[in-house]
Amino acid sequence: MLVTGASGLLGNRLVELALQRGHDVISCYKDHAPLLGKPLALDLIHDTEVRKAFSETHPDAVVNTAAMTDVDRCELEPEAAFAANGISVSNLARAAKETNSFIIQVSTDYVFDGEKGNYSEYDETRPINKYGESKLEGERAVMNELDEKTWSIARSSVVYGWGRASRPNAATFVYEKLSRREGIRMVRDQFSSPTFNTSLGTMLIEIAERKLPGILHTSGATRLSRFDFAVGLAKTFELDATLIKAVQARDLHWKAKRPADSSLNVGRAQKLLRESPLNIGSAYEALRREHVDED
Ligand SMILES: NC(=O)c1ccc[n+]([C@@H]2O[C@H](COP(=O)([O-])OP(=O)(O)OC[C@H]3O[C@@H](n4cnc5c(N)ncnc54)[C@H](OP(=O)(O)O)[C@@H]3O)[C@@H](O)[C@H]2O)c1
């Protein structure tokens with residue numbers, strides 16, 4: 001299995017889980033060498049390097065978790081966003097075709113405009129920011145380059161977990177701030193389907209092992225605002241939820257617009273997968289267990 005973005009929040013956990021399942025894992029990265037798997041420095045923007053890596057390793061399955069994920073940075077640097085999230089995926093898809101590798105492209109709820117919420121795989125995409133547009137270009141690259149039985153697009157939403165200390169995510173931000181008794185402001189009028197990285201990693205491995213084709217919504221199963229997510233997390237870890245102040249999205253002056261409700265309908269994944277999306281209560285509990293294990 002070849003995992004790109006192996007140094008990232010999702011990729012790092014995915015590699016760990018794949019190794020536990022006995023897979024031979026090539027861990028690709030750009031700037032930060034991953035701790036697990038066989039490390040391979042590979043900037044996905046360079047077509048010839050990607051093809052060389054594939055012809056030398058002949059992966060059975062590829063999971064592309066690499067991306068430029070900073071939504072505001074994508075808005076300010078659209079060329080870099082389209083290179084990382086669009087052109088790089090074309091490069092991967094062409095290389096995967098040459099080696100007959102099954103490819104999973106990890107994508108996002110931000111391909112939707114957020115007007116409706118509870119989006120299924122059959123709903124129309126209409127991104128409202130550069131991150132979403134560039135990720136949609138990545139989805140199209142996979143669909144256009146490859147035969148339909150050889151790819152999967154796994155869309156997710158607000159990924160969290162015990163990731164790299166230097167790069168906070170929705171869970172570590174809340175946990176660390178509240179542990180230090182610092183107040184935080186969280187948005188109450190924007191909804192998504194927060195996704196525990198371990199759960200997503202497990203679903204992606206199942207898709208890779210069974211080579212399940214098509215689009216699949218592999219997020220958490222519960223629609224939540226960031227505020228509600230933070231309050232639930234505070235309760236799980238017995239932290240002081242009164243330190244969390246509810247704000248409106250318009251108070252935060254983001255560079256990029258955010259969809260108001262990009263929550264995903266996970267019905268298809270629940271039917272297809274043995275390891276199906278977690279509801280938020282089970283996800284908090286699993287997050288707490290992983291924390292205890294790390295201590
Ligand atoms: N985080 C979320 O809330 C969220 C929500 C929905 C969907 N997703 C999707 O889930 C996936 C994983 O997200 P994440 O949060 O785990 O990402 P992340 O922590 O930001 O990590 C991104 C990874 O991409 C790698 N990368 C970036 N540009 C690259 C390039 N040109 N060539 C090779 N590698 C490159 C980085 O490598 P280096 O560190 O070595 O530079 C890093 O390993 C992405 O596809 C993202 O769009 C994320």
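Read the numbers this way: they start at 1 and go in the same order the structure lists the ligands and their atoms. FYI, the numbering just counts along the sequence from 1.
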Assign the ring pair Tyr160 / Phe196 to parallel, tilted or perpendicular, where the plane angle (0 to 90°) is split at 30° and 60°. parallel

Is there a path from Leu36 to Ile26 through hydrophobic residues (I, L, V, M, F, W, Y) whose side chains come within less than 4.5 Å of each other? no

Numbering as shown, the atoms of ligand 1 that approach Leu42 to under 4.0 Å (heavy-atom distance): 32 (N), 33 (C)

Is the closest heavy-atom distance from Lys135 to ligand 1 below 4.0 Å? yes

Can you sort out which atoms of ligand 1 are near Ser156, meaning under 4.0 Å from one of its heavy atoms? 6 (C)

Can you find an N/O atom of Gly11 closer than 3.5 Å to an N/O atom of ligand 1? no

When you compare the side chains of Ser107 and Glu139, does any donor N or O come within less than 3.5 Å of an acceptor on the partner? yes

My understanding is that we take every heavy atom of each candidate and find the minimum distance to atom 41 (O) of ligand 1. Doing that for Asp31, Leu10, Val3, which one comes out nearest? Asp31

With heavy-atom distances below 4.0 Å as the criterion, list the atoms of ligand 1 near Ser107. 7 (C)

Out of Val50, Thr69, Ile45, Val63, the nearest non-hydrogen contact to atom 18 (P) of ligand 1 is supplied by Thr69

If the cut-off is 4.0 Å to any non-hydrogen atom of Tyr131, which atoms of ligand 1 fall inside it? 7 (C), 8 (N), 46 (C), 47 (O)

Under 4.0 Å to a heavy atom of His32 - the qualifying atoms of ligand 1, by number: 38 (P), 39 (O), 40 (O), 41 (O)

For atom 37 (O) of ligand 1, tell me which residue out of Ser7, Ala84, Ala6 has the closest non-hydrogen atom. Ser7

Nearest non-hydrogen contact to atom 35 (C) of ligand 1 from the set Gly5, Ser193, Ala66, Gly201 belongs to Ala66

When clusters are formed by joining ILVMFWY residues with side-chain heavy atoms under 4.5 Å apart, either directly or through shared neighbours, do Tyr131 and Leu9 land in the same one? no

Is there a heavy atom in Thr4 that sits closer than 4.0 Å to ligand 1? no

Can you sort out which atoms of ligand 1 are near Val158, meaning under 4.0 Å from one of its heavy atoms? 3 (O), 5 (C)

Do Asn279 and Ser282 get their side chains close enough for a donor-acceptor pair, meaning under 3.5 Å? yes

Modelled atom types, side-chain donor and acceptor of Ser225 and Arg188, under 3.5 Å: no

What part of Asn85, side chain from CB on, backbone N/CA/C/O, both or neither, has a heavy atom under 4.0 Å from ligand 1? neither

Does ligand 1 have any atom sitting under 4.0 Å from a heavy atom of Tyr160? no

Lys97 with Asp147: basic N within carboxylate O range, under 4.0 Å: no

Give the numbers and elements of all ligand 1 atoms closer than 4.0 Å to a heavy atom of Thr65. 11 (C), 12 (C), 44 (C), 45 (O)

Ligand 1 versus Cys28, non-hydrogen atoms closer than 4.0 Å: side chain, backbone, both, neither? neither

Point-to-point distance, once rounded to the nearest 0.5 Å, from CG of Leu146 to CD1 of Ile103: 6.5 Å

Ionic contact status for Asp261 with Arg223, cut-off 4.0 Å: yes

Salt bridge between Arg258 and Asp189, side-chain N to carboxylate O under 4.0 Å? no

Consider only side-chain N and O atoms of Tyr119 and Asp113, and report whether a donor and an acceptor are under 3.5 Å apart. yes

Has ligand 1 got any nitrogen or oxygen that is less than 3.5 angstrom from a nitrogen or oxygen of Ala67? yes

Tell me every residue that passes side-chain contact (heavy atoms from CB on, under 4.5 Å) with Pro127, counting only those two or more places apart in sequence or in another chain. Glu133, Leu136

Against heavy atoms of Asp43, which atoms of ligand 1 measure under 4.0 Å? 30 (C), 31 (N), 32 (N)

